[in-house]
Amino acid sequence: MIFSRKRATGRHASDERAVEAPDSVEAAPAEPARGPYDVSEAPAGVQRLDLGSLQIPAVPDVEVRVQADPQGVIQQVVLVHGQSALQLGVFAAPRSEGIWDEVREEIRQSLFNDGAAAQEVTGEYGTELRARVRTEDGLTDLRFVGIDGPRWMVRAVFQGEAATNPAAAGALARCMEGLVVDRGMEAKPVREPLPLRLPREAGEPAAAADAAPGAS
């Protein structure tokens, strides 16, 4: 999918304005009550699995599965809990603009081109996209969630029961709420995936098929 930029939206929009306009008379925004957090505002004292640009909190009964190349560079991150799954991706974004609005529209158009209708609904993180797609295993429900942060965007895709009933997301939702993004200071093209890597304790890259169960 091709991503394109748009104006800032989401919970971090005010944070970015405060950074770019230090002389503003507005008070600094309070730290968010839940994540995904930027690494600069993440709560301390939380056990997390460090994958580089993403840090995933340890939540009981959640298995973290990753696919990586022989060099240990992660290509995909999926969290599994019961019959539900959550695929995570994190991308570079402009300093003063969010990109989820147009990313969402392009996902919707891509689904439409593949013969799947998608519906926009309002969720806990703003506007989400829900769709039912045909796979080798039959029809699969998907729920796309996007969170714009300071110079990054997290794209989360819920599958299974958590896709049709957000209240059933449970442990996967807690992972989202405790997620930390370490964007780094390096300049990157907008929409470029931020680098993910296997944690040192994962050992040989061959272990990439399954990372640590429970993010331990």
Side-chain angles (χ1 to χ4, degrees), residues 1 3 5-6 8-20 28-59 62 64-68 72-79 86-104 107 123-128 143-158 169 171-200 202 211-212 215:
M1 299 178 183
F3 299 150
R5 67 174 67 185
K6 195 161 184 173
T9 57
R11 70 180 184 89
H12 283 290
S14 58
D15 298 340
E16 294 186 51
R17 285 195 296 270
V19 170
E20 293 204 342
E31 292 185 357
R34 65 178 179 184
Y37 300 98
D38 188 74
V39 68
S40 64
E41 61 190 11
V46 178
Q47 182 185 8
R48 302 183 181 97
L49 178 67
D50 188 351
L51 300 180
S53 295
L54 280 181
Q55 299 174 21
I56 302 172
V59 174
V62 173
V64 181
R65 300 177 181 176
V66 302
Q67 293 180 356
V73 178
I74 295 175
Q75 309 297 321
Q76 180 173 287
V77 179
V78 178
L79 313 186
L86 172 60
Q87 182 179 359
L88 294 171
V90 61
F91 305 88
R95 181 179 299 276
S96 59
E97 294 181 311
I99 60 176
W100 171 237
D101 280 356
E102 285 208 7
V103 168
R104 185 179 67 251
I107 293 173
E124 293 185 4
Y125 290 97
T127 305
E128 304 176 351
R143 176 162 62 97
F144 297 83
V145 179
I147 301 95
D148 286 311
R151 301 176 67 218
W152 52 259
M153 184 202 75
V154 168
R155 184 186 65 196
V157 186
F158 289 91
L172 296 178
R174 291 197 294 277
C175 288
M176 275 279 288
E177 292 170 359
L179 197 68
V180 175
V181 177
D182 188 351
R183 164 65 173 77
M185 300 304 295
E186 181 182 352
K188 295 182 180 297
V190 173
R191 290 162 213 88
E192 178 177 292
L194 298 182
L196 300 173
R197 53 169 172 73
L198 289 175
R200 294 177 182 176

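All of these numbers come straight from a predicted model, not from anything done at the bench.
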Residues which pass side chain to side chain donor-acceptor pair (under 3.5 Å) with R143, listed by chain and number, not counting sequence neighbours: E128

Hey, what do you get for CG (L196) to CD1 (I56), rounding to the nearest 0.5 Å? 8.5 Å

If you define the side chain from C-beta out and look only at heavy atoms, does anything of L86 sit under 4.5 Å from V62? no

Rounded to the nearest 0.5 Å, the CD atom of E186 sits from the CD atom of E192 at a distance of 8.0 Å

Exercise: identify the closest heavy-atom pair between I99 and D148: N-OD1, 3.0 Å

If every non-hydrogen atom of P199 is compared with every non-hydrogen atom of L51, which pair is closest and at what distance? CD-CD2, 3.5 Å

With sequence neighbours excluded, residues passing side chain to side chain donor-acceptor pair (under 3.5 Å) with E124: R34

What residues, two or more places apart in sequence or in another chain, satisfy side-chain contact (heavy atoms from CB on, under 4.5 Å) together with R183? A92, R151, W152, K188, L194

Quick one: are V190 and P94 in side-chain contact, heavy atoms under 4.5 Å? yes

Side-chain heavy atoms of I147 within contact of M176, under 4.5 Å: yes

Please name all residues satisfying side-chain contact (heavy atoms from CB on, under 4.5 Å) with A42, sequence neighbours left out, ordered by chain then number. Y37, R48, V180

Heavy-atom side-chain contact between V39 and V181 under 4.5 Å: no

To check you understand the geometry: which heavy-atom pair defines the closest contact between P195 and S53, and what is its length? O-OG, 2.8 Å

I'd like to know if the side chain of D50 reaches the main chain of Q55, judged simply by a donor and an acceptor atom lying under 3.5 Å from each other, with no hydrogens or angles considered. no

Report yes if some heavy atom in the side chain of F144 is under 4.5 Å from a heavy atom in the side chain of W100; otherwise report no. yes

Separation between CG of D182 and CG of D38, rounded to the nearest 0.5 Å: 8.0 Å

Salt bridge (Lys or Arg N to Asp or Glu O under 4.0 Å) with R104: which residues, sequence neighbours excluded? D101, E120

